[in-house]
Amino acid sequence: MNNFIFLKNRNLKELSDFVMAMELSVKESRMRTKFNRIIAEQWNIGVIAEVDAIILDRAEIGQDGKPMRKSNDNNAIQFKSITSEEEAINLITELENEEFYIDLTPSNKDMILSVANSILHSDLKVSNEVAILVDSWCEQFENALEYYEALNKEFKKTEQD
């Protein structure tokens, strides 16, 4: 049993959107907002900022200090070379596949339990594309619930001894 929730970097934005779409009571909403701040920080600093740095290191830079765009496609970045582009793609893919974890500490317990119960008992409808992600998030939160339940049992046992 893990004492972490593991989330793929590439799915943090979808998780944020999912939890923020739920209609919750004030207490649950506060816990969700606290959780969302944690994953939003990872998304903005740990993923987006790192992707930007990877691109800046390997792209042709214009006079404005920003990566240049290919003349035939305004959205495509002009890299220094094909090797630079392949390297950027590989590094970004690796970053997106990395797991971000949230420690199941006592200070995170109320937040995790509240978000877990909100997700696991949500009435939100999910599309086929999102269903697989939601299932993986549910597994993580079910594991978190089991972890905290085991801790509670252990605590009660030591109290009785």
Side-chain angles (χ1 to χ4, degrees), residues 1-59 65-67 75-77 87-161:
M1 192 167 0
N2 289 326
N3 57 339
F4 299 101
I5 289 178
F6 294 98
L7 305 165
K8 292 277 188 192
N9 278 336
R10 72 172 166 264
N11 303 128
L12 293 176
K13 178 75 171 102
E14 289 89 348
L15 177 57
S16 174
D17 292 345
F18 182 78
V19 298
M20 295 308 286
M22 289 188 245
E23 291 188 24
L24 302 172
S25 69
V26 172
K27 181 180 179 186
E28 293 168 324
S29 180
R30 289 186 67 230
M31 294 296 111
R32 171 197 49 200
T33 301
K34 183 178 176 183
F35 176 78
N36 195 58
R37 274 192 216 114
I38 293 169
I39 60 174
E41 182 178 332
Q42 172 65 12
W43 176 253
N44 292 323
I45 296 170
V47 179
I48 298 298
E50 188 64 28
V51 167
D52 289 346
I54 289 168
I55 291 171
L56 276 174
D57 286 348
R58 290 155 186 84
K66 296 180 181 175
N75 287 332
I77 294 168
E87 188 177 276
I89 290 168
N90 290 337
L91 288 170
I92 292 169
T93 301
E94 183 179 319
L95 176 65
E96 289 175 340
N97 286 324
E98 284 180 6
E99 289 185 326
F100 169 64
Y101 66 92
I102 299 173
D103 205 353
L104 300 178
T105 62
S107 62
N108 285 338
K109 182 179 179 180
D110 288 343
M111 173 191 69
I112 296 296
L113 293 177
S114 177
V115 173
N117 285 316
S118 297
I119 288 176
L120 294 171
H121 301 108
S122 172
D123 289 334
L124 283 177
K125 307 290 185 237
V126 295
S127 65
N128 290 338
E129 298 85 31
V130 180
I132 293 170
L133 291 177
V134 172
D135 184 59
S136 70
W137 301 330
C138 286
E139 281 184 32
Q140 290 298 312
F141 284 103
E142 287 167 346
N143 290 338
L145 289 174
E146 288 175 16
Y147 174 79
Y148 283 125
E149 285 174 15
L151 278 182
N152 283 343
K153 286 179 184 176
E154 187 177 308
F155 178 73
K156 287 179 182 177
K157 183 182 175 194
T158 57
E159 258 187 352
Q160 292 173 350
D161 293 342

Next item on the list: Step by step, work out the side chain to side chain contact (heavy atoms under 4.5 Å, CB included) result for Val19 and Ile119.
Entry: CA-CA 7 Å; Val19 298; Ile119 288 176; 3.7 Å; yes
Check: Under the side chain to side chain contact (heavy atoms under 4.5 Å, CB included) criterion, do Asn143 and Asn2 qualify, and how do the steps go?
Finding: CA-CA 7 Å; Asn143 290 338; Asn2 289 326; 5.6 Å; no
Next item on the list: Might you work through the side chain to side chain contact (heavy atoms under 4.5 Å, CB included) test for Leu15 and Phe35, ending with a clear yes or no?
Entry: CA-CA 10 Å; Leu15 177 57; Phe35 176 78; 3.8 Å; yes
Item checked: Derivation of the side chain to side chain contact (heavy atoms under 4.5 Å, CB included) call for Tyr148 and Asn108 -> CA-CA 11 Å; Tyr148 283 125; Asn108 285 338; 4.3 Å; yes
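Residues Ile112 and Ala144 share a closest heavy-atom pair of CG2-CB, 3.7 Å. The shortest non-hydrogen separation linking Ile5 to Phe141 is CD1-CE2, 3.5 Å. Of all heavy-atom pairs between Leu95 and Val47, the closest is CD2-O, 3.7 Å. Taking every heavy atom of both residues into account, Thr105 and Ser107 meet most closely at OG1-OG, 3.0 Å. Of all non-hydrogen atoms in Met22 and Ser118, the two that sit nearest each other are SD-O, 3.5 Å. The heavy-atom pair separating Gly65 from Leu56 by the smallest distance is O-CD2, 4.1 Å.
One finds the CD1 atom of Ile55 at 11.0 Å from the CD atom of Glu50 (value rounded to the nearest 0.5 Å). Rounding to the nearest 0.5 Å gives a distance of 8.0 Å between CZ of Phe4 and CG of Leu104. The CD1 atom of Ile38 sits 10.5 Å away from the CG atom of Leu7 when rounded to the nearest 0.5 Å. To the nearest 0.5 angstrom, Lys109 atom NZ is 7.0 Å from Leu151 atom CG. Rounded to the nearest 0.5 Å, atoms CG (Leu145) and CG (Asn117) are 5.5 Å apart. Once rounded to the nearest 0.5 Å, the distance linking CD of Glu41 with CG of Leu12 reads 11.5 Å.
Around NZ of Lys13, the count of heavy atoms belonging to other residues, nucleotides or ligands within 6.0 Å does not exceed 12. For CD of Glu154, the number of neighbouring non-hydrogen atoms (other residues, nucleotides, ligands) closer than 6.0 Å is 12 at most. Crowding of Ile132 atom CD1: a count of heavy atoms from other residues, nucleotides or ligands under 6.0 Å not exceeding 12. Few gaps surround CZ on Phe6; more than 12 heavy atoms of other groups in view lie less than 6.0 Å from it.
Using a 4.5 Å heavy-atom cutoff, the side chains of Ile39 and Ile102 are in contact. By the 4.5 Å heavy-atom criterion applied to side chains, Met31 and Asp110 are counted as neighbours.
For the side-chain contact (heavy atoms from CB on, under 4.5 Å) criterion with Ile54, the lone passing option out of Ile92, Ile89, Asn90 is Ile92.
Of the possible polar contacts, none joining the Asn9 side chain to the Gly46 backbone as a donor-acceptor pair under 3.5 Å is found. In terms of modelled atom types and a separation under 3.5 Å, the side chain of Asn36 and the main chain of Arg32 share no donor-acceptor contact.
Between Phe18 and Trp137, the ring planes are tilted. Angles from 30° to 60° get that label.
Checked by atom type, the side-chain pair Arg30/Thr33 shows no donor-acceptor distance below 3.5 Å.
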